[in-house]
Amino acid sequence: MAERFRIHFEIEGIVQGVGFRPFLHRLALKWDISGWCRNTVFGVELEVEGTEASLSRFRAGLWEELPPLARIDAVRETPCPAPLGANGFQIRESRREGHPDALISPDIATCPDCLRELRDPKDRRYRYPFLNCTNCGPRFTIVRELPYDRRATSMSKFPMCPDCETEYGDIRSRRYHAQPNCCPDCGPTLTFSLPGEAPATDDPIGQASALLRAGKIVAVKGLGGYHLACRCDLPETVAELRRRKRRDERPFALMCRDIPTAETLCHVSPQEAARLTSPRAPIVLLRKRPNAPSGLSETGELGVMLPYTPLHHLLMEEFDALVMTSMNVSDLPTLCELHEGNEALADGVLSHNRDIVNRCDDSLLRVFRGTDLFFRRSRGYVPEPVRLAFDCTGILACGAEQKGSFALSRGQYAFLGQHIGDLKNFDTFDFYRQQISRFEDRFGVAVNRLVCDLHPDYLSSEYARERSRREGLPLTLVQHHHAHMAACMADNGLEGSCIGLIWDGTGYGTDGTIWGAECLTGGYTGFQRRGTIRPILLPGGDVCTSEIGRISFSLMWDAGVLPREKAGSPLARMLENDVNCPRATSMGRLFDGVYALLFGRETVTYDGQGAVLLEANAAGDETGAYPVTCYRSDGLTVWDIRPLVKLLLAESRAGTAPDRLAARFMNTLVSLALAHCRAAREETGLERVVLSGGVFQNGYLLPRVVDALAADGFQVYNQTCVSPNDQGIALGQTLIAAKGGGISDVPCRTTETDKN
Ligand code: ZN
Ligand code: ZN
Ligand code: FE
């Protein structure tokens, strides 16, 4: 008989809540391996014995037959002294000591097997809205703590019935060790209620559908929060939803029953279909067809998702498509619980008694050349960490403000928070702080350094400063665009130095002015500013982000082409006397100003709307561009935007269509990208360019900039793991702090004497 060996394995990665232990069990039986495995706080450990040949097959199978949702990041093997000669393979109780840094899986859309059961009248889970298995179901949104097992989730209050217990313990079952396993006898219950009524269990789907069909708005409790749903083909209903949400002109997403239904309303490429039907089930921006419902978005695109819970699947049997938008007012956090007051948003509530532990909005992305271009990285992705090139243990990066985010790192993992929203809202800021402390608990990270934006007034900076003082932790301040640059480098696994083309709305510069159209060079340890644009004066300051007519006015005034009748106006006097006119080298504000100039619009209702509408209205076949003239100032290559403003205004007055001019404006920005990067290359010899900042979400601009730079010999990188907007900032802050970049503050613990 061949000699047997015994080996202890420690496996790190996404190995909990994805059917990993059942997989180990099956693999062991297949290759005649005996031993045991268990979840630990760092992942999964196992001790197995077998012949050399069977162990090597087992080892290969670990990688080759990995369950679809699992991810192995590291395997440590330690030989054990002697085989025990034991038979069989056991799954043991979880081990709880140590740090809980096992990776918990994101929430996973209903799998095809569960869907078959949902529709099989002979199955005991026929039409049960909460069925799930080891391959699908709620994860992050129901987890309170690690290690991931039932008692650590909001399923703990639903003890399994004997049938479910049997499946849970049966190696041949798809529900073997599926923690949220349940059935109509033991699991959560669906309810429906009208305003002011108690929730009832009598045909909730039927009642909700009837209300929806009648053109009413229904709240639907989903995985990470409530949605508001309504018909998309009734303009009055959509308008009413907009009124209740006070959502002005922001787009609404659509849930379509399936891909063929989505294809009747939008163009769906195979890559887009793959994202839509993937276990992550994000909202994907699709190009509209002529018969797409109107009133949902003012651009040529529509955010579409497919049903991702059994409840959605049952509801969508009744409809081809429903508006499905997060239940909140304006920019406030999505609701996870309903109270008096917010119930008034809906005419009926389809709900259930499984608690949402972690709010998590739908993720939103566009497919760009086969990769993900994130607008929002949230449900289906969080808390899957980003793997880093080096150890960043203990760093808490506090992100920016308007798109609040954070990153907490342990080893070579950065755990990025879900979509949080604008921290200036009290509830949002509260949620931000709560999620940070939950992530610290859950991933067992003792914070040893804080990082925040250089902006002194960001609430995230204030949070970091306050905590640094209170806990005596060192604090690193990172310039906003440097953080964007580092985020794109980390996203692409780059080290060393490169050129960073960072175009966004607003970031605090090292000179105290607002930056946002920057060409930088450098890496994690530091950066140098090389190029920018002529500063735009913002009469009235922040008010310009909504009153974009002020920006076009300022641009015309600066270029000396202000219409005579406006010369003596209060705004002109503000500019002449330089009263409350902060300067911004902001690409976002330039977009706003140009949009106002070309389309004659004075105000926008959400941040970035000007850029979104310029992109949506640009003529795709227009190749014209204006010359880019730069001047040198303080060692910077500065683009003089005044000739551009003059030319746009002249052509606009001569009757050139605004869609032509919008395209020519953005084509000019492509020339600017080239001019800035060429100048930086000449000065430094660097050839790698990272693109970041919210402006690079622009579907017209991004491909043209990438192509123009690549054709000129640059290696170009854009962001594909985290969003190029401020949600991605925290990732960049993390790596900069780890490498000693940024500006370090000496910690000072507040003592009693300080207060006196
Ligand atoms: Zn399933
Ligand atoms: Zn049951
Ligand atoms: Fe930014």
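Here, residue 1 is the first one in the sequence, and each next residue gets the next number. Since the model is a prediction, treat every value here as computed from it, not as a measurement. Note that ligands are numbered from 1 as they come in the structure, with each ligand's atoms numbered from 1 the same way.
Heavy-atom contacts from other residues, nucleotides or ligands closer than 6.0 Å to CG of D542 number 12 or fewer.
Side-chain polar atoms of S156 and R151 form no donor-acceptor pair below 3.5 angstrom.
Residue contacts to the Fe ion (ligand 3): H484 brings an N, O or S atom closer than 2.8 Å.
Rounded to 10 degrees, the SG-metal-SG angle spanning C164 and C186 at the Zn ion (ligand 2) equals 110°. The Zn ion (ligand 1) is the vertex of the angle joining SG of C111 and SG of C136, which measures 110° to the nearest 10°. Rounded to 10°, the angle formed at the Fe ion (ligand 3) by OD1 of D726 and OD2 of D504 is 170°.
Geometrically, R150 does not engage Y168 in a cation-pi contact, judged by NZ or CZ lying under 6.0 Å from the ring centre and within 45° of the ring axis. Figure legend: R583 and W515 shown without cation-pi pairing, the cationic atom not lying both under 6.0 angstrom from the six-membered ring centre and within 45 degrees of its axis.
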